[in-house]
Each structure stands twice: as C-alpha cells, then as structure tokens.
Amino acid sequence: MARVDPEEYVEEVLAVVERIPPGRAMSYGAIADYLSDRSGRSSARLVGSIMAKHGGSVPWHRVVAANGRVVPGHQGEALARLVGEATPMKNGRVDLSRAAWWPE
DNA sequence: GGGGTGACCCAGT
DNA sequence: TACTGGGCCACCC
C-alpha cells in the first residue's frame with residue numbers, strides 16, 4: 001500500500017500550521033484529526049513529535065495542547081506572540097473555545 | 001523483529 | 001488549578 005512517506009506527512013503538518021491565521025490556534029489533536037482525513041495516519045503524539053523535530057520553520061506558537069496549554073519551554077515567548085496577535089487568552093492559557101480554527 | 005519514547009488526550013481525584 | 005494513571009500510535013534504535 002502506498003503509505004505517505006514521513007517527509008510528506010511532515011510537510012502536511014507544517015502546511016496546516018502555516019495556514020493558521022493570526023489570532024487563531026489549533027490543538028495537536030485537531031491537526032491530527034484533519035490529517036487523519038487526509039493521509040490516514042495521525043495521532044496527537046505524532047504531530048507533537050514532528051513539531052519537535054521540524055517545527056522550527058512554522059508558527060508553532062499557534063499550536064497548543066487540547067486543554068489550551070502552550071508548549072513547554074517556550075511558554076513565555078509563545079504567550080507573547082499570541083497576545084501580540086490578539087489570540088483569545090485566559091489566565092496564561094489559550095481559550096480554544098474562541099480561538100479554535102479549522103483549515104477547511 | 002522487538003522495545004523504548006513522546007511539543008498528546010481524557011477522566012478522575 | 002495541579003497531579004496521576006491509562007490508552008493511543010507512529011517513530012527511532
């Protein structure tokens with residue numbers, strides 16, 4: 001069967017992240033679900049793992065965990081960027097209820 | 001071929 | 001709000 005190469009999957013993930021408009025955010029699970037419908041393979045852990053390796057070229061700060069928490073190690077920076085883009089926040093966490101976005 | 005690992009997710013305490 | 005345990009699934013060695 002023609003499973004997508006890891007590099008292709010990475011490209012898809014990065015493409016979706018780049019498509020996230022300012023002031024919006026997506027959770028790893030959401031991206032995984034979107035890619036699942038597109039490439040058949042997804043898992044929130046996969047997306048996170050990919051971001052850890054190849055996320056340096058995309059606005060990873062717009063990607064947060066499903067509970068609205070920002071990535072460890074860069075919270076301060078991510079938070080500042082999110083605030084600068086008017087992303088809905090709540091006590092240091094992203095309010096996904098308002099920031100949730102979907103690539104359509 | 002087998003085992004360990006993880007930018008996660010959900011529910012319970 | 002924070003912490004714990006269990007589950008998930010592909011990646012890397």
Side-chain angles (χ1 to χ4, degrees):
Chain A
M1 305 108 44
R3 292 185 211 160
V4 190
D5 290 300
E7 292 185 24
E8 292 258 334
Y9 189 66
V10 171
E11 293 297 311
E12 295 291 333
V13 174
L14 300 181
V16 173
V17 176
E18 291 232 7
R19 273 173 88 187
I20 301 175
R24 292 279 130 108
M26 271 186 94
S27 66
Y28 297 98
I31 296 173
D33 192 46
Y34 174 72
L35 259 47
S36 159
D37 186 57
R38 209 183 151 140
S39 300
R41 86 178 75 171
S42 69
S43 169
R45 290 194 133 155
L46 243 306
V47 177
S49 175
I50 289 165
M51 295 301 287
K53 291 172 201 156
H54 305 266
S57 303
V58 292
W60 47 266
H61 57 268
R62 290 184 194 148
V63 184
V64 297
N67 56 333
R69 218 191 205 172
V70 243
V71 233
H74 296 280
Q75 297 180 10
E77 193 176 321
L79 231 26
R81 289 172 185 250
L82 292 167
V83 171
E85 295 179 348
T87 305
M89 309 283 303
K90 192 162 194 182
N91 284 16
R93 280 174 272 282
V94 178
D95 188 357
L96 281 177
S97 302
R98 290 190 290 163
W101 180 81
W102 191 261
E104 278 190 270

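Chain naming here is simple, since letters A, B, ... match the order of the sequence lines and numbering starts at 1 in each. Values below: every heavy atom of this structure, side chains too, minus hydrogens, waters and symmetry copies.
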Item to check | Nearest to side-chain heavy atoms of Ala44(A), which nucleotide of dC9(B), dA2(C), dC9(C) | outcome: dC9(B)
Checklist entry - Between dC11(C), dT1(C), dC10(B), which one does the side chain of Arg93(A) approach most closely? => result dT1(C)
Checklist entry - What heavy-atom pair brings Leu96(A) and Gly68(A) nearest, and what distance separates the two atoms? => result CD1-N, 3.9 Å
Checklist entry - What closest approach, in Å, do Pro103(A) and Met26(A) show between heavy atoms, and which atom pair accounts for it? => result CD-CE, 3.8 Å
Please state how far atom [atom1] in [X] lies from atom [atom2] in [N], giving the value in whole angstrom units.
X	N	atom1	atom2	answer
Glu12(A)	dA10(C)	CD	C1'	16 Å
Tyr9(A)	dC9(C)	OH	P	12 Å
Asn67(A)	dA11(B)	CG	P	12 Å
Leu35(A)	dA10(C)	CG	C1'	13 Å
His54(A)	dC11(C)	NE2	P	11 Å
Met51(A)	dT5(B)	CE	C1'	19 Å
Leu46(A)	dG6(B)	CG	C1'	10 Å
Lys53(A)	dC12(C)	NZ	P	5 Å

Item to check | Euclidean distance, Glu85(A) CD relative to Arg24(A) CZ, rounded to 0.5 Å | outcome: 12.0 Å
Next on the checklist: For a quick check of understanding: with a heavy-atom distance under 4.0 Å over all strands, which category does Ala66(A) fall into, base, sugar-phosphate or nothing?
Outcome noted: sugar-phosphate
Checklist entry - Considering heavy-atom distances to DNA chain C, does Ser49(A) or Arg45(A) have its closest nucleotide positioned more toward the 5' end? => result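 Whichever sits nearer the 5' end wins; that is Arg45(A).
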Checklist entry - Under 3.5 Å, is there a donor-acceptor pair between the side chain of Thr87(A) and the main chain of Leu82(A)? => result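 Side chain of Thr87(A) to backbone of Leu82(A): a pair is present.
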